[in-house]
Each structure stands twice: as structure tokens, then as C-alpha cells.
Amino acid sequence: MQTAPIVTDSRLIYPDIDYGVTRDLTDGENTHSYDAHEYDVVIVGGGIVGNVAACALGQAGFKVAIVEAEAQSMASDRGQAYSVNLLSVKVFEELGLWQRIRPQVETYRSVQLSDGDYGKVVKFLPQDLGRETIGYVAEHRVLLEALEYGLNALPNVDRICPATVTETVKKGDRTIVKLAQTSSQNSAQTLSTKLVIAADGSRSALRQAANISTFGWQYWQSCIVAFIQPEHPHNQIAYERFQPDGPFAILPLPNGLCRIVWTAPRAVADGMLMLKPDQFMTELRSRYGDHMGKLTLVGKPSVFPVRLLHSTRYVKPGLALIGDAAHCCHPVGGQGINLGIRDAAALVNVMQNALTRDEDFASLSVLKQYERWRMWENLFVLGLTDTLTRVFSNKIWPIVMIRRLSLWILQDISPIRSLVLRHMQGLTGKAPQIVVQYPKV
Ligand SMILES: Cc1cc2nc3c(=O)[nH]c(=O)nc-3n(C[C@H](O)[C@H](O)[C@H](O)COP(=O)(O)OP(=O)(O)OC[C@H]3O[C@@H](n4cnc5c(N)ncnc54)[C@H](O)[C@@H]3O)c2cc1C
């Protein structure tokens, strides 16, 4: 433990309830002294992406603190489910967590893509990749619990939860991170670190405090999500149907459950939430079809805003953004969490390589390698999901013709189908490799 020096450049961050607002209260408050706990890395945000980074850094031997604002039960009760692509599976395998996750997730035997009432259906199959599967669907809770299990086995990682970061102060090559509330089990109030990793989601307070600008837009659509228990088995088939209102996806989950991700104009989506369950199900059935028999709603549906956002920089001295803090995209194609997991693995990979070359893992030149690696790959996927949404939520005749021609090409020319699938599964581009020092859990 050390007493940090007097600092002169301070910044206060007060997250509001959804951590979307920061206020700079530095005037007249620029002198503090701290009694700080020392870490190599402090990660702010214990969602899936922050936890992947913490696990990988911890296993590589870094001393890490991960700070999460939500109490554990709230975080794992989020009721979200994701398509997990094959690159993310590789990352979980390298962390030694996949065998824990695998029994609780569902495999895709086929992904079927269609355009409204148009008869042509593109079927992506495992043989397109020469593998046994083309991805998985996992609940947020399952991934989070496995990662927390992994973190608990690492003596060099401290989880500080629930707590929020209220102040970060850059001092030389270190950053002082001050926390608002800490749980009774953990007395750390102030942390000192070489590198802060912001994994605090799309409204990242750390990104705003660092004055990193973003570009993007809110879509005219929102996303309705719900769990459905169909009468007949889903046969491990995922459906993505493009409707003029927006894409409608059915994802297979364990125990015969299905997850719907239904994109609709914002007013329609908000209206759907106001409906009684039987009225909601009547509306849903018209999109879902009757191929799985009677449908039962499990739990309550919820609505998420849909936006595209990209940070103009991913790094600054002593700071790196990962996951939704750096970028977020339309949920079509289920890419969001996978991009974030790839960011986390790439950043850890770059930091480990720097250590083997005896370089400072937190130097701007090292962090820039991460930025160069990930920014263009992320921008490509953001562009692709945006194009898909605009082209398929469209009734202009020439565009309808082009997209139907694309479906023919995809279904009938298997090398193109397999190239698209390889891309969606994260099997193109540079794959990060995590080098583990500590035994896998
Ligand atoms: C409807 C919908 C469906 C989706 N479906 C898919 C899918 O099928 N597949 C897919 O890959 N992606 C999907 N996504 C995208 C995916 O949900 C996000 O990309 C992913 O959740 C981002 O993870 P993250 O860890 O970066 O951020 P988050 O999940 O937002 O986590 C950020 C964490 O930081 C914490 N935090 C925030 N501020 C602070 C602070 N100041 N101090 C401490 N902690 C803080 C928060 O409590 C939170 O736990 C979907 C998104 C939507 C909206």
C-alpha cells in the first residue's frame, strides 16, 4: 500500500442511475491525497466483456481489480441471451471455462435466413464450415456465472462489487481510481493503476470523461425480446426473418425454450409492451408462424433501444475502451457481445506480447496496437449490420430485387455462403491468442 502524491489534475465522474451522465467538478477541488491499493490494471464494468478481460489478464499473471456497479444478482438476472460465435468459444476454451458453459447452452444445427414472404430460404449448416456446429446460444447468466467462477479461482484478481467509479486522476504513468461505495467485504476505496480498461457499456462514463468523441445514431427501431416455450421442439434451428418493419429472430435455447429478438419501429415496440400477455401472443404468433405449435410466453417481454455507436479512439494514455464502451451495433446477426469478447482478448494479447518484449504494457504505443487491430474489424461489422438493416427493412423495388438476388446467391453458391458464415463466426481476420500462466480453472 502506498500514499499517492498530491494531485493537480482531477476529474470527478458522477454516473447517474444508468451511468450515462458525467459531470466535471474539478474547479476548486484539485488537491487530494490518497491511500491507494496498487494494481496493474483496473477494469471498470463487470459485464461479460469486462469479466473476460479480467479472467484473461488474471490468468496471464497481472494484478487486476474489476469494479462493477450492479449487485451480482441483478447483473446475472438481466434476462438476456446471445449468439456466441466460434471465436468467442475459442476464447472461453483458452480461459478453461468452456467445459463449464457448454452443458448449459444450445447448439445451432442450422440458421435459416428469409425475406418476408419470399420463398427462398438460405440455410447455413455445419458442413458449410466443415465443423460440427455453427455457433451456440447462451444466456447472460450462464456466461457471467462461469466467468465469476473463473475469477474466484484467481488470487491476483479482486472483484469490487457493487461499487462505482467516481473519480479518475492521471498522475504521471499511473491513474488513481476512486470508488463511490464499496461492499463491506472489500475495504478498498481508492485504487492506483497503470491502466484503466473501460468496459462500462455503451454509455461509458469513462469514455465521456476522457473526452473521446463518438459517432452514430439511434435507429428508428427498438428491439422486443422475450422467452417463448413452444409446444414442439425447436430442433436447434435459429431463424432470422427480415420483415419490412425489421428483422425477427428466433434463437433455440436449452430445455426447448426459444428467445425472440424482434425489431420493430419504436412506437410499435413500446405499444407491444403495453399489451396484455394474450394480446402480445396474438401479435407475436403472426410473425413466429405455427411450425412449433402452441406458444407460451415465459416471463415478461422487454424492449431495448437499438443504436449504432463508434468511438473515434479506443485508447488514450493509461486508458483503453473495450466492448460496447468502444462500439455498439444493431442486434441483427448477433455480433455485439462477440466483438466485445474479441476486443478483450486482443487487448490482453497485445499487453502480453509487450511484456515478453520487456515493453511497458500500458504505454500508448502498445495500446495503439490494440486500437489498430480492432477498430477496422469492428467498423466493418458495424457497417455490415447497418447495411443489412437498411436493405432488408425496405420496400423500394430495385432494392427488393437486389436482396432477393443476394439470397439466391447465398443459397446456391456454397463458397460464398461459407465465407459469410466464417465471417459471422469470427473465423476471418486475426485471431487473438491468450497465453495462460496460471493453471486454467
Ligand atoms: C436486444 C439486444 C439483443 C442482443 N443480442 C445479442 C446477441 O444475440 N449476440 C451478441 O453478441 N450481442 C447481442 N447484443 C449486444 C450485447 O448485449 C452487447 O454488445 C453486450 O451486452 C455488451 O457487453 P459489455 O460488457 O461491453 O457492456 P454491458 O453489458 O453494458 O456491461 C457494462 C457493465 O458496466 C457496469 N458499469 C457501468 N458504469 C459503471 C461504473 N461507473 N462503475 C462500475 N460499473 C459500471 C454496468 O453495471 C454493466 O454491468 C444484443 C443487444 C441488444 C440490445
Side-chain angles (χ1 to χ4, degrees), residues 13-22 42-54 65-72 74-76 78-85 87-88 135-140 143-144 147 159-168 177-182 196-209 219 221-226 238 240 246-247 249 251 253 259-263 269 301-307 309 321-344 378 381 385 424 426:
I13 307 164
Y14 282 92
D16 66 4
I17 192 77
D18 56 5
Y19 325 118
V21 175
T22 62
V42 172
I43 300 168
V44 182
I48 306 293
V49 173
N51 276 303
V52 167
I66 176 160
V67 185
E68 166 54 41
E70 284 185 358
Q72 187 173 1
M74 277 174 69
S76 58
R78 199 189 276 192
Q80 182 65 287
Y82 310 109
S83 288
V84 178
N85 73 14
L87 183 92
S88 298
Y136 299 86
V137 192
E139 287 182 63
H140 182 86
L143 299 180
L144 199 64
L147 285 160
R159 289 183 63 244
I160 306 172
C161 168
T164 50
V165 171
T166 56
E167 181 178 18
T168 60
V177 179
K178 209 168 177 196
L179 309 181
Q181 338 143 351
T182 51
V196 175
I197 298 180
D200 51 347
S202 60
R203 295 176 155 198
S204 172
L206 287 178
R207 181 189 67 224
Q208 295 176 40
Y219 284 96
Q221 300 158 322
S222 293
C223 218
I224 308 155
V225 291
E240 181 95 63
L251 308 178
L253 280 167
R259 172 82 165 163
I260 60 143
V261 183
W262 172 6
T263 314
S302 47
V303 168
F304 292 87
V306 181
R307 67 192 303 204
L309 174 143
L321 312 181
I322 59 174
D324 275 24
H327 48 77
C328 52
C329 60
H330 195 286
V332 62
Q335 291 294 303
I337 202 89
N338 297 293
L339 294 181
I341 290 172
R342 196 165 180 158
D343 288 348
N378 287 332
V381 175
T385 53
M424 300 307 267

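Indexing begins at 1, ligand by ligand and atom by atom, following the structure's order. Computation of the quantities below employed the complete heavy-atom set of this structure, encompassing side-chain atoms and omitting hydrogens, waters and symmetry-equivalent molecules.
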Exercise. Quick one: does T164 get an N or O within less than 3.5 Å of an N or O on ligand 1?
Worked result: no

Problem set entry | Whether A163 lies under 4.0 Å from ligand 1, heavy atom | yes

Exercise. Can you check whether L144's main-chain N or O pairs, donor with acceptor, with N51's side chain at less than 3.5 Å?
Worked result: no

Exercise. Would you say ligand 1 has an N or O under 3.5 Å from any N or O of N338?
Worked result: yes

Exercise. Is any side-chain heavy atom of I341 closer than 4.5 Å to a side-chain heavy atom of I48?
Worked result: yes

Problem set entry | Side chain to side chain, S222 and T263, heavy atoms closer than 4.5 Å | no

Exercise. With side chains defined as the heavy atoms from C-beta onward, is the minimum distance between W262 and V225 less than 4.5 Å?
Worked result: no

Exercise. Do Q335 and H330 have side-chain atoms, one donor and one acceptor, less than 3.5 Å apart?
Worked result: no

For this session: Please state which part of C328 comes within less than 4.0 Å of ligand 1, counting heavy atoms only: side chain, backbone, both or neither.
Result: neither

Exercise. In terms of atom number and element, which parts of ligand 1 are under 4.0 angstrom from non-hydrogen atoms of V44?
Worked result: 40 (C), 42 (N), 43 (C)

Exercise. Side chains of V67 and C161: closer than 4.5 Å at any heavy-atom pair?
Worked result: no

Exercise. Is there side-chain contact between V165 and L179, with at least one heavy-atom pair below 4.5 Å?
Worked result: yes

Exercise. Under the 3.5 angstrom rule, does the side chain of R259 hit a backbone N or O of A138 as a donor-acceptor pair?
Worked result: no

For this session: Check ligand 1 against G334 and write out every atom of the ligand that is under 4.0 Å from a heavy-atom position of the residue.
Result: 7 (C), 8 (O), 9 (N), 10 (C), 11 (O)

Seminar exercise, completed: Heavy-atom closest pair (T385 atom, C329 atom, distance to 0.1 Å) is OG1-CB, 3.7 Å

Exercise. What are the atoms of ligand 1, with element, lying closer than 4.0 Å to any heavy atom of V67?
Worked result: 43 (C), 44 (N)

For this session: Heavy-atom distances under 4.0 Å are what count here, so tell me which part of C223 touches ligand 1: side chain, backbone, both or neither.
Result: side chain

Exercise. With a cut-off of 4.0 Å, which atoms of ligand 1 are near a heavy atom of G323?
Worked result: 26 (O)

For this session: Pull out every atom of ligand 1 sitting under 4.0 Å from any heavy atom of I48, numbered as shown with elements.
Result: 25 (O)

Exercise. Which one of P331, S202, A180 has a non-hydrogen atom at the shortest distance from atom 4 (C) of ligand 1?
Worked result: P331

Problem set entry | Residue portion contacting ligand 1 (non-hydrogen atoms closer than 4.0 Å) for Q335 | backbone

Seminar exercise, completed: Within the 4.0 Å heavy-atom cut-off, what V225 brings close to ligand 1 is side chain

For this session: Looking only at distances, please establish whether an N/O atom of ligand 1 is found under 3.5 Å from an N/O atom of G336.
Result: yes

Exercise. Which is closest to atom 27 (O) of ligand 1 by heavy-atom distance: P305, G47, A238, G201?
Worked result: G201

Seminar exercise, completed: One finds that the ligand 1 atoms under 4.0 Å from a non-hydrogen atom of V165 are 42 (N)

For this session: Please work out whether any backbone atom (N, CA, C, O) or any side-chain heavy atom from C-beta onward of V49 is under 4.0 Å from ligand 1, and answer side chain, backbone, both or neither.
Result: both

For this session: Quick one: look at Y82 and ligand 1, take heavy-atom pairs under 4.0 Å, and tell me if it's side chain, backbone, both or neither.
Result: both

Problem set entry | Side chain proximity check, V332 to E240, heavy atoms < 4.5 angstrom | yes

Exercise. Does D343 use its side chain to pair, donor to acceptor, with the backbone of G323 at less than 3.5 Å?
Worked result: yes

Problem set entry | I66 side chain near I160 side chain, heavy-atom distance below 4.5 Å | no

For this session: Answer side chain, backbone, both or neither: which part of A199 comes under 4.0 Å from ligand 1, heavy atoms only.
Result: backbone

For this session: Mark up the atoms of ligand 1 that fall under 4.0 Å of a heavy atom belonging to S83, in ascending order.
Result: 7 (C), 8 (O), 9 (N), 11 (O)

